[in-house]
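From a predicted model like this one, the values you see are computed outputs, not experimental measurements.
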Amino acid sequence: MPTVVDSVRLEYQTGSRTPVPAPRLSWVTSSDVPGWRQLAAEIAWDDATRVTNYQVDGDASVFVEWPFAPLAARQRGRLQVRVQGVDGWSEWSAPQEVVADFLADGEWQAAFIGLPDPVRPAQPALLRTGFSVADGLVRATWYATALGVYQAEVNGAAVDDQVLKPGWTPYQYRLVHETTDVTALLVPGANAIGVALAGGWYTESFGFQGLAKPFYGTQPSFAGQLLLEYADGHSEWVVSGPEWQATGEGPWTGAGIYAGESFDARRLAPGWSSAAFDVAGWVAAEVRPTGPVPGPRTGPEVRVTQTVPVVAVSASPSGKTLLDFGQNLVGRLRVRVQGEAGTTVTLRHAEVLEDGELGVRPLRVATATDSYTLAGGGVEEWAPSFTFHGFRYAEVTGWPDAFDPADVVAEVVGSDMVRTGWFSCSDDLVNRLHENVVWGMRGNFLYLPTDCPQRDERLGWTGDIQVFGPTASYLFDCDGFLASWLVDVALEQDAAGGVPFIVPDVLDSAKVPAAAWGDVAALLPWLLYQRFDDLGVLEAQYPSMRAWVEQLLAIAGERHLWEGGFQFGDWVDPDAPPELPGKAKADPDLVASAYLYRSTATLAQAAADLGETADAEHYADLAEVVRKAWLAEYVTPAGRILSDAQTSYAVAIEFGIARGDLAQRMGDRLAWLARRDGYRISTGFVGTPLVCDALTRTGHLREAGRMLQQTECPSWLYPVTMGATTIWERWDSLLEDGSINPGEMTSFNHYALGAVADWLHRVVAGLAPAARGYHRLEIAPQPLPGLDWAATSHDTPYGRAAVEWRRSGTAIEIAATVPANASAHVRLPDGREFDVAAGTHAWTVAAGAEPAPGVLTTSTSLAAIMDDPAAYRTVLDAFTRIDPAVATDFRKRMAWVPNQPLFGAFSLISPAVVAEVEGSLAALNAQRGV
């Protein structure tokens, strides 16, 4: 294969549109030349008047600054790139169309309009206007936004396939507009624009425990403008204003994010968005107070990205028809139905079943119910436009005649990001865990990173994405998505004087800073810089990073410790009671002060890379003072942390607070705690992303693997064994008896605890960035005991990288792919280290002798049983068959007296139990040939 430039990218966009006048350029090169490296690149820009060329010296190919004159609004052109390597110059890339989809300064002139005299809160409305198009139309560009959500049609045709536009931003500070080329939808002569408008997030009631209320406003409004450009050079604007018509008598009789949508097809007036429509009965639209001047969308659009069919139909104990889609997903149902006019089909949604009925208690006050009233007269098809649900199951009532599952399909809705990361291994449960992480991210990346997609919440909790960011950045190209959200973080922070718990902050939460949550302001920009080589986001967010750290340093004062205030701490520690999810084993002040160090040290690194030398030195010195204060306050001379919990040791090791021999001693203690806890999860939001890394960093790979592959609750795989298809909010969101956790806060689609997937990618499979943007890879697989093979691949900014290892007899075979214009540092399991260039590589190393299995008897120690997964499962199953109470006792005693012989740990044990265990161990010995 010759050297080829595969793609050219504008800023964060994968298509032709650019929301900024000087979009940074990136390209990916493929080559079969071993070790291919870019020596230079040439960029050609054709603006339809002339071609301008610019040469880039060196290997820069990611976020290269725009080298030409800034684009004007709606300017168009074509880009091509060619690259030079040792094999000479490549051919030019395919032309990349460029369209500037922003407005010029002062061009936004549309008024916000809505329904005059609405009769109920958040009343949906239809808006429309007619206009004429002369001959010689060259281009028609539609710009639109809303304080609410809208769908637009031109001459009866939808202008795009996006959903819930314009999404959710802090409406009082920032609005985005869509830019759409609608030239093909217009005809000479009479034309019309129609807009369906609903409240969406703008009119939703936010809050908990009966205190929910609207935060922004009680009625939605819309603003849009259409630019008509003609061949003779003149142009015209069609702008929303008081001359538009409005009605509240459209088919949407109710629409809410939490409540769902009601649609009466009998009220749909055919042709309402067409030029010939009779507007009798419609009234003049009301001009509403203006919002911020909107800017173009910089993140990905939200649309239907997949459809999922019904996999099973059943009847509930109450006789309701239940649909199972086999996957907990986020989106909506599309139905195809025929029946008499006035028949109403009702659709209710839930993530799980309880006692054979929809498990709706976790939804709290969100009714998550859609209804469709038929117009009659033939087959009708409908899906809600202005809501979304998190669900695996749906209950259907009111269906006319016999129900056919082929007439209902689930449409998956979310931000349309490109998938970039994959992982698989020999353990099917771990594969399902990873797939659950992917689905959790897909469901909760919908305009902003939310905590959950189903109940009366769906908010942009900062702590969730702070811990999940590394995993997210591997699985999907989410740089633009998160960079856009960080703009909102900074706006809310500036307005409130602190980083809120959620962004947009509809709970007015910024008055109290919280560790791990507010730290997103410092840690997420740095992550995007490291994973995507996005210096621009680091530059843009640096004032926000510094403001957050300064706020914390002021709180810490002369003790240099963050103490005494409210903290979420190690949220949802598995030992926390359902009603107190923040009551964790790790001391909240210890966690907060650890984050004080981490954010301050990160700010120092960012300052250094941005050339802020004085800041870099200042914050590095302060970080070191905080680190020493933390060690002095919380660590004994022997290296024991006073808050003796897994999370405490994990943050000390992974944040770099403990170093050298001290870190090793802490890792040894962490491994002891993991064994004491029966390799069950003992961490919450803060510790869970760190504990396996801390174990493997200090030489305890086996313990990390036992934790990963544990199936008892609490563990990563317990939900998988219970049928989970997404990550749960609590380790025991569903109890072993199939009932739902009794706590008020229980979600079956929360990605935070799935942050372990980053460890699977980097450590188990062995693919990580060694330099910003994966320009240099770290290939360092650590074959996990209990796995026969593992593989991962990631579409880096330079192309696809991959690592795979597989056991083969007494050897481990490793294969890796390094993309063109990148290199890698390799660290093999046998300790060898070296560098490689682009290309495909293979190595074989000795697997290392696994200890031969010994004979298992009732005199074997509890610790030995616990460290042998097959033996542990054999004994536990034997206990359970005879006496489940003894099985429960067995789990506890492993932590209390691990060095006791198996039955020496029990004061009383029945002969039947002894016989069952002895027989089971004998069978395992025979199977192993010992």
Side-chain angles (χ1 to χ4, degrees), residues 306 308 311-312 324-329 351-352 392 419 421-443 471 474-475 678-681 688 692 696 701-728 731-734 736 738 748-749 751 753-767 781-794 802-808 812-815 847 850 867-874 876-877 880 924 927-928:
Q306 184 180 345
V308 177
V311 299
D324 179 3
F325 293 90
Q327 172 63 54
N328 194 16
L329 57 88
E351 296 182 296
V352 295
R392 172 177 171 170
R419 179 80 182 268
W422 297 265
F423 172 88
S424 58
C425 69
S426 58
D427 188 325
D428 288 340
L429 292 179
V430 175
N431 291 336
R432 182 67 247 191
L433 168 68
H434 190 269
E435 189 69 6
N436 292 358
V437 175
V438 173
W439 276 97
M441 179 175 173
R442 290 180 67 185
T471 297
Y474 193 91
L475 293 176
Y679 299 115
R680 294 193 265 304
I681 288 291
T688 295
C692 286
T696 51
L701 180 65
R702 179 176 295 276
E703 285 80 358
R706 290 286 281 114
M707 289 188 71
L708 173 69
Q709 294 184 282
Q710 172 66 271
T711 57
E712 294 179 9
C713 187
S715 68
W716 283 292
L717 296 187
Y718 165 74
V720 176
T721 67
M722 295 293 289
T725 60
T726 41
I727 299 298
W728 296 349
W731 299 107
D732 59 349
S733 285
L734 200 66
E736 292 186 44
F748 294 91
N749 195 350
Y751 53 60
L753 298 177
V756 69
D758 186 54
W759 176 75
L760 294 176
H761 306 147
R762 290 183 294 100
V763 177
V764 176
L767 178 58
Q782 297 195 42
L784 204 63
L787 294 185
D788 295 326
W789 61 270
T792 191
S793 59
H794 178 56
V803 178
E804 179 177 358
W805 61 263
R806 187 175 298 270
R807 299 184 192 276
S808 178
I812 295 175
E813 297 173 349
I814 301 168
E850 288 288 324
D867 282 345
D868 185 332
Y872 172 75
R873 176 52 58 187
T874 297
L876 186 63
D877 287 347
T880 303
L924 181 59
Q927 179 183 339
R928 290 174 165 180

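Not one N or O on the side chain of Asp732 forms a donor-acceptor pair closer than 3.5 Å with the backbone of Leu734. A donor-acceptor contact shorter than 3.5 Å is absent between the side chain of Glu813 and the backbone of Ser808. Under the 3.5 Å distance criterion, the side-chain polar atoms of Asn749 are left unmatched by any main-chain donor or acceptor of Trp728. Formation of a donor-acceptor pair under 3.5 Å by the Thr792 side chain with backbone atoms of Trp422 is found in this model. Checked by atom type and distance alone, the side chain of Tyr718 pairs as donor or acceptor with a backbone atom of Glu736 at under 3.5 Å. A distance-only check finds a donor-acceptor pair linking the side chain of Ser426 to the backbone of Asp788 [under 3.5 Å]. A donor-acceptor pair is defined here as one N or O able to donate and one able to accept, closer than 3.5 Å; such a pair exists between the side chain of Gln710 and the backbone of Gly678. Distance alone, capped at 3.5 Å, places no donor-acceptor pair between the Thr726 side chain and the Trp439 backbone. One N or O on the side chain of Trp805 and one on the backbone of Val764 form a donor-acceptor pair closer than 3.5 Å.
Note that SG of Cys425 and CD of Glu804 are 11.5 Å apart. Values are rounded to the nearest 0.5 Å. One finds the CG atom of Leu760 at 4.5 Å from the CZ atom of Phe423 (value rounded to the nearest 0.5 Å). Here the OG1 atom belonging to Thr696 is positioned 6.5 Å from the CH2 atom belonging to Trp759, to the nearest 0.5 angstrom.
No side-chain heavy atom of Leu429 sits under 4.5 Å from any side-chain heavy atom of Gln709. Residues Arg807 and Pro783 are in side-chain contact: their nearest non-hydrogen atoms beyond the backbone lie under 4.5 Å apart. Leu433 has its side chain within reach of Ile727: a pair of non-hydrogen atoms, C-beta onward, lies under 4.5 Å apart.
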Quick one, His761 with Leu767, criterion side chain to side chain contact (heavy atoms under 4.5 Å, CB included). Give me CA distance, side-chain angles, the key distance, then yes/no. CA-CA 6 Å; His761 306 147; Leu767 178 58; 6.0 Å; no
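Ionic pairing of Asp428 and Arg432 is not present here: no N-O contact between side-chain nitrogen and carboxylate oxygen is shorter than 4.0 angstrom. Salt bridge Glu712/Arg680: present, at least one basic N to carboxylate O contact under 4.0 Å. The pair Asp324-Arg392 meets the salt-bridge criterion, with a side-chain N (NZ, NE, NH1 or NH2) lying under 4.0 Å from an Asp/Glu carboxylate O.
In plain terms, the two heavy atoms of Trp731 and Pro714 that are nearest each other are CB-CB, 3.5 Å. Across all their heavy atoms, Leu787 and Asp427 have their closest contact at CD2-CB, 3.6 Å.
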